[in-house]
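Only a predicted model underlies this, so the values are computations on that prediction, with no experimental measurement involved. In what follows, chains are A, B, ... by sequence order, proteins preceding strands, each numbered from 1.
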Amino acid sequence: MSVVLTDTQEELRRTVRRAIEEHHGAERVIEAAEPGAGHDDTEVWKALAGIGVPQIGTPESGTGLLDLGLMVQEAGRGLLPGTLLGHALAQRLLLAADGAAEPLTETEAGGHRLAASWGLDPAAVNVEADGALRGRAGAVSEGRQADLLVLPVTTATGTAVACVETGSLAFPADPACALDTGRDWTATDLDGVPARMHRLEPEALRNVLIEAAVLLCFDSLGSAERCLDAAVQYAKERRQFGQAIGGFQAVKHLLVDAHVAVGNARSVTWHAAAVFDSGAADAAFSAHVAKAVTDQAHVRTTATGIQVHGGTGFTREVPAHLHARRSRINERLAGTPGEHLEAMAGHLPAVLAEWSGAPDDRNPAE
Amino acid sequence: MSGPFDGDHARAFRRELRQWFTDNLPDGWGTERFAPHADEDAEVRFLRSWQRTLYDGGWAGISWPAEYGGRGATLLEQAIFVEERDRVKAPFDIGIVGTQMVGPMLITFGTGEQKERYLRRILTGEDLWCQGFSEPDAGSDLAGLRTRAAADGDGWRLSGQKVWTSRAQHADMMILLARTEPVEDVPHRGISAFAVPMDGPGLTVRPLRQINGSAEFCEVFLDEVPVAADALIGRAGEGWKVALTTLSWERFATTRAFEMRRLAAQLWTALPDDARADTDVRTRALGLLAQAHAGGLSYQRMVSTVTAKGEVGVDASAGKLFTTELGQRIVDLALSVLPPDDVLGEVRPGNQGTTSWPLEWVNGFKNTIAAGTSQVQRNIIGERVLGLPKGGAR
């Protein structure tokens with residue numbers, strides 16, 4: 001599906017981009033990534049909530065995964081420390097579970113924040129006979145800021161979405177994925193904590209895993225775009241040998257290859273979200289392709305971002321390394337590229353006939 | 001929501017076209033027993049007649065106005081045509097210079113009389129055009145061309161040499177760039193574009209044998225070739241605009257997204273079980289399938305943009321660059337891992353309806369050179385899309 005954004009979508013993107021620039025701009029990004037600085041994003045969250053971003057993606061708002069994804073893309077662009085990423089996944093989990101729309105509405109009405117575990121493994125947390133949770137919630141985004149942690153868990157009879165008041169949780173001071181200093185990934189042991197549970201059918205869980213992969217693609221896409229923009233800008237300004245370095249083909253061609261990779265990432269990511277929203281049968285296939293292609297583009301583009309900045313790129317003065325760090329974490333969450341390629345293989349019999357009509361299937365009588 | 005390629009209209013168009021291919025591809029197409037071209041002349045006759053079949057079916061000039069014989073649809077339908085054509089590996093477009101480059105250029109730059117004279121004959125296959133742009137000393141640096149057009153009474157006389165002029169020996173017409181004014185400060189100025197009949201006095205063609213076995217490339221020698229005043233396309237001295245427009249359409253037409261997607265699919269299908277079980281081969285093949293799908297989606301997104309704008313510009317360069325390089329990676333893997341019988345045969349232009357990996361391998365070299373090399377595409381994208389400066393030291 002070739003996605004062309006509507007004027008409304010474009011306008012909202014611009015509004016959100018401006019809000020992020022204003023409340024969590026480039027300086028703040030670098031400052032927040034310093035050791036011990038914390039990742040307080042209260043200001044930018046308030047600004048996003050003021051625009052109505054948390055409601056995007058719900059059926060009531062008439063929007064879907066693509067619209068929500070476009071917001072996550074802006075958060076990725078702005079290198080936010082996880083803002084929206086926990087919320088977005090939590091929203092999808094709650095929408096997928098039976099009777100969980102109510103906590104979602106309550107949360108929105110009360111201005112509460114949601115966090116989610118990107119571990120996405122129900123087997124990591126079990127529900128005990130008394131209804132308490134035991135296990136470990138990994139890769140939690142927005143955990144320290146949120147009021148409610150949402151995660152898939154295993155019950156005696158299947159899977160469920162659990163909602164845990166974060167007041168009952170202890171998040172350690174150290175981040176869980178220390179490689180990505182621009183992010184506040186946390187993890188916490190759930191040691192008999194109480195939770196509200198909503199049944200999650202196996203098919204609904206499969207759908208959420210697809211949505212999670214696509215949402216993460218949007219985050220990577222935004223990050224890759226911004227990293228490339230900055231590298232292009234730098235190549236226009238930085239002069240050596242009497243000219244801007246972007247005039248040298250060795251530099252120019254590096255940037256062009258990244259540009260092409262980012263363009264492909266945009267195509268597959270937007271496509272995957274639009275296909276999911278349309279309910280078409282190839283939603284899973286499209287998501288697998290999207291994650292594999294986008295992760296690769298993100299890793300490659302951010303490496304280019306550092307290289308083109310030269311020595312400056314190896315300092316904390318510019319955020320190129322934060323994009324690169326993010327790319328290595330994102331590729332490990334919601335399924336690695338290898339896992340998604342393997343999952344994609346399972347769908348090939350149906351797809352390949354559509355890609356190659358020759359020679360056998362046209363003359364079956366022969 | 002629904003993208004432009006997924007609307008009811010697009011779906012109906014695709015269904016109708018797919019059925020048409022099923023009904024109209026020559027008997028035996030896609031099987032070994034179909035071999036229409038014992039020699040190149042026979043092949044050209046077959047491909048001209050295929051163009052006529054397309055025209056009669058309403059599938060030629062899909063995005064051209066109906067008054068010139070086109071279907072009156074948009075580039076969106078044209079893109080669906082390309083996808084369906086490459087899906088079944090239908091006969092290739094021997095008149096591509098006319099149908100995909102000169103025709104759209106003439107619709108923009110031609111006079112009413114020129115459009116009337118040339119356009120329909122392109123679609124029917126009566127006129128094959130070739131492209132007289134490159135010269136021995138003007139390849140990637142096209143503005144360095146030296147062929148001269150001297151005013152002669154009402155008309156012009158053309159002298160010089162062209163090279164890499166594909167299918168000149170079979171062509172009826174040539175779109176030719178020549179210098180009508182000497183080079184001054186800006187080499188792009190003073191170039192003019194002409195529509196040149198190939199049977200004129202003083203015009204000779206020498207085919208060059210290519211590494212894929214066919215004699216597609218030609219040298220064209222022009223020795224005081226007379227052309228009439230109305231052979232001039234656009235204004236004298238302003239041929240560079242004509243050239244750029246023609247080249248933009250060329251990149252659009254040589255984006256091989258669905259050809260490469262088909263090849264990736266065929267590679268996967270042809271992989272023996274032991275190769276498919278090899279982790280490295282498997283990962284590479286699956287990665288290529290994913291990238292091929294991305295190439296197809298990017299092509300569609302580009303077409304959506306271009307359709308809205310109504311002109312191609314630099315939009316097509318990324319797809320041309322990406323898909324031709326991807327094709328080389330697909331065939332590289334095929335040559336390394338498919339059974340010897342599939343890949344170590346003779347390189348010869350063979351049955352078009354079937355895939356010959358040796359031929360695909362050799363043609364892969366052509367694809368990243370023709371229509372602007374990959375390096376030139378990177379310069380175009382770097383300078384005109386990313387806004388990077390032109391380099392002094394190249």
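- Applying side chain to side chain donor-acceptor pair (under 3.5 Å) to B:Ser317 and the options B:Arg378, B:Arg384, B:Arg251 leaves one that passes, B:Arg251.
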Practice item. Please report the C-alpha distance between A:Thr294 and A:Ser220 in whole Å, then the side-chain angles of each, then the deciding distance to 0.1 Å, and finally whether the side chain to side chain donor-acceptor pair (under 3.5 Å) criterion is met. Key: CA-CA 7 Å; A:Thr294 304; A:Ser220 298; over 6 Å; no
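- Counting heavy-atom pairs under 4.5 Å between each of B:Glu84, B:Arg301, B:Gln377 and chain A puts B:Arg301 at the top.
- Applying the salt bridge (Lys or Arg N to Asp or Glu O under 4.0 Å) test to every pair with at least one member in residues 274-285 of chain B, sequence neighbours left out, gives these pairs: A:Glu342-B:Arg282.
- Using a 4.5 Å cut-off between heavy atoms, A:Val260 contacts chain B through its side chain alone, with no backbone atom that close.
- Shown here for B:Ile330 and B:Ala264, the closest heavy-atom pair between the two residues is CD1-CB, 3.8 Å.
- Both the backbone and the side chain of A:His253 come within less than 4.5 Å of a heavy atom in chain B.
- Ion pairing between B:Arg14 and B:Glu83 holds under the 4.0 Å rule for side-chain N and carboxylate O.
- For a residue to count as touching a neighbouring chain, one of its non-hydrogen atoms must lie under 4.5 Å from one of that chain's; by this rule B:Leu263 does not touch chain A.
- In this structure, no portion of B:Val303 lies under 4.5 Å from any heavy atom of chain A.
- Of the two parts of B:Gln375, the backbone and the side chain both hold a non-hydrogen atom closer than 4.5 Å to a non-hydrogen atom of chain A.
- Between A:Arg13 and A:Glu10, at least one side-chain N (NZ, or NE/NH1/NH2) sits under 4.0 Å from a carboxylate O, which counts as a salt bridge.
- In summary, the side chains of A:Asp219 and A:Asn330 do present a donor paired with an acceptor at a separation below 3.5 Å, with no hydrogens or angles considered.
- For a residue to count as touching a neighbouring chain, one of its non-hydrogen atoms must lie under 4.5 Å from one of that chain's; by this rule A:Leu348 touches chain B with the side chain only.
- Of the charged side-chain nitrogens involved, at least one lies within less than 4.0 Å of a carboxylate oxygen, so that A:Asp229 and A:Arg77 count as a salt-bridged pair.
- The two atoms that bring B:Ile80 and B:Leu17 nearest to each other are O-CD2, 4.1 Å, heavy atoms only.
- There is a side-chain donor-acceptor pair under 3.5 Å between B:Gln328 and B:Thr368.
- Below 4.5 Å, heavy atoms of chain B meet heavy atoms from A:Phe285, A:Val289, all part of residues 281-292 of chain A.
- Ranked by heavy-atom pairs shorter than 4.5 Å toward chain A, the options B:Tyr299, B:Phe258, B:Phe322 are led by B:Phe322.
- For A:Gln296, the part sitting under 4.5 Å from any heavy atom of chain B is the side chain, from C-beta outward, and nothing else.
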